[in-house]
Amino acid sequence: MPTEKLLFPPGPVLGIETSCDDTAAAVVDGGRVLASVVSSQAEHLPFDGVVPELASRAHVRLIGPVVREALAGAGLGWEDLAGVAATHAPGLIGSLLVGLTYAKAAAAARGLPFVGVNHLEAHLLSVLLTRDDVRPPLVGLLASGGHTEIVEAREWFRYRILGSTRDDAAGEAFDKTAILLGLGFPGGPAIDRAARDGDPAAIPFPRAWLGPDSLDFSFSGLKTAVRNFVAAEGGPEAMPPARTADVAASFQEAVVEVLATKTLLAAERAGVSTVVLAGGVAANRALRSRLEAACADRGWSFAVPELRYCGDNGAMVALAGALRLARGERSNWDLPAVPTLLQTSFGS
Ligand code: KG4
Ligand code: ZN
């Protein structure tokens, strides 16, 4: 099937990302990252989770310096840009508004084209920051702190959601489980690290398959199983490090097995042989290697972003914005910030 060739605008594009707790900006030119700055907010650490009002305030403080640093890193001024892009959905409403409003104001003041970007589309397209051989038709697993979606793209820019989580997102499950184990926040990297020394088969935690045909996910039962297990051991402080490592590895195995199995099933059913893994949880080593090996076994192509582009970043937003600007797309100045995925066109 012929697939659309991706075009870039004739110049660099600034991308701004403030949908959650990272203030990020980057400049991308013709698919190449000239500069990428991510400021991860430390103010949430004492709370074991993101506090929306603190996130918005930190974005207000950081957005100017982060954008200036990205432009300086690229060695460019506003006059050199071909356009400005910012995440407008989904995410925390106050956080989204900071980056979106900044981007609109800067573009309007400088007479630059502006386009709003969907955060999940940006994650999916982030594989193109390091590889230019990824083509639809494809199935993508987008797993982050806020979302867990299996999407099908028969062509770029048109997506169909095949499966979603019914409760916690995969990254949220990692974060909550890490707290139960006393490993701190954010939990994904902490569990990934702890699991290295553990036995993934030590504890048979439950897998929520939700029926043989379902491509949906549920992680709340698994989290409860870990909570009960840790309580029965006398709490996280009573557990020796080797036991904590076994719980982390067994929990991770349960998540990875379900994520990988359903993604492969979705690709089989859709009749596609390209699988993309993206979003913050794509940094997980067990998940990356499981999907990579399974795709290799089937003779399929597997694409995952470099580690630095798995978590939230401005480069993926600049890239998605650049591709949309090159198609002649422009957003109106009244483009709203939209908190939930359901109200966006991502699934249409
Ligand atoms: O995409 P992202 O940076 O922000 C959202 O859009 O939510 O994803 C953040 C999520 C967090 O829940 C974090 O714990 C998880 O990605 N994460 C990981 C790993 N690194 C980050 N989860 C599992 N293993 C990792 N190595
Ligand atoms: Zn994200």
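Just so it is clear, the values below take in all heavy atoms, side chains as well, and ignore hydrogens, waters and symmetry mates. For ligands, and for the atoms within them, numbers begin at 1 and follow the listed sequence. Along the sequence shown, the residues carry numbers beginning at 1.
The single protein non-hydrogen atom nearest to atom 9 (C) of ligand 1 is Gly145 N, 3.7 Å, given as residue, atom name and distance. Nearest to atom 17 (N) of ligand 1 among the protein's heavy atoms is Gly280 O, 3.5 Å. In terms of protein heavy-atom proximity, atom 22 (N) of ligand 1 is nearest to Gly188 CA, 3.3 Å. Summary of contacts: the protein heavy atom closest to atom 24 (N) of ligand 1 is Asn284 ND2, 3.1 Å.
Leu181 and Phe229 fall within a single hydrophobic cluster, where Ile, Leu, Val, Met, Phe, Trp and Tyr side chains are chained together by heavy-atom contacts under 4.5 Å.
Annotation: Asp312 places an N or O atom under 3.5 Å from an N or O atom of ligand 1; distance criterion only.
Close approach to His119 involves these atoms of ligand 1, each under 4.0 Å from a residue heavy atom: 6 (O). Atoms of ligand 1 lying under 4.0 Å from at least one heavy atom of Gly171, given by number and element, are 12 (O). Taking every non-hydrogen atom of Ala283 and a distance limit under 4.0 Å, the qualifying atoms of ligand 1 come out as 20 (N), 26 (N). Atoms of ligand 1 found under 4.0 Å from any heavy atom of Gly311 (numbered from 1 in listed order, with element): 3 (O). Proximity to Gly146 (heavy-atom distance under 4.0 Å) selects the following atoms of ligand 1: 7 (O).
Of the heavy atoms in Asp192, only side-chain atoms (C-beta onward) come closer than 4.0 Å to ligand 1. Of the heavy atoms in His123, only side-chain atoms (C-beta onward) come closer than 4.0 Å to ligand 1. Only side-chain heavy atoms of Asp175 come within less than 4.0 Å of ligand 1; its backbone N, CA, C and O stay farther off. With a 4.0 Å heavy-atom cut-off, ligand 1 is reached by no atom of His147.
The residues Glu43 and Arg61 are annotated as salt-bridged, a charged nitrogen and a carboxylate oxygen being separated by less than 4.0 angstrom. Of the charged side-chain nitrogens involved, at least one lies within less than 4.0 Å of a carboxylate oxygen, so that Glu253 and Arg290 count as a salt-bridged pair.
Listed here is the closest heavy atom pair of Cys295 and Leu264: SG-CD2, 4.3 Å.
If you count the protein N, O or S atoms nearer to the Zn ion (ligand 2) than 2.8 Å, you get 3.
A cation-pi arrangement is present between Arg298 and Trp300 under the rule of less than 6.0 angstrom and at most 45 degrees off the ring axis.
For Phe251 and Phe174, the ring centers sit closer than 6.0 Å to each other.
Here the options are Thr18, Asp22, Thr23, the test is side chain to side chain donor-acceptor pair (under 3.5 Å), and the partner is His59; only Thr23 passes.
Within the model, atoms CZ of Arg110 and CD of Glu79 stand 7.5 Å from one another, a figure rounded to the nearest 0.5 Å. The structure places OG of Ser218 at 9.0 Å from NZ of Lys223, a figure rounded to the nearest 0.5 Å.
By the 6.0 Å contact criterion, CZ on Arg269 is enclosed, its count of non-hydrogen atoms from other residues, nucleotides or ligands being greater than 12.
Panel note: side chain Arg154, backbone Glu152; no donor-acceptor pair is recorded below 3.5 Å. A donor-acceptor pair under 3.5 Å is formed between the side chain of Asp167 and the backbone N or O of Ser220.
Every heavy atom of Cys20 sits 4.0 Å or more from the atoms of ligand 1.
Note on ring orientation: taking the six-membered ring where Trp is involved, the planes of Phe219 and Phe217 are parallel (angle under 30°, cut-offs 30° and 60°).
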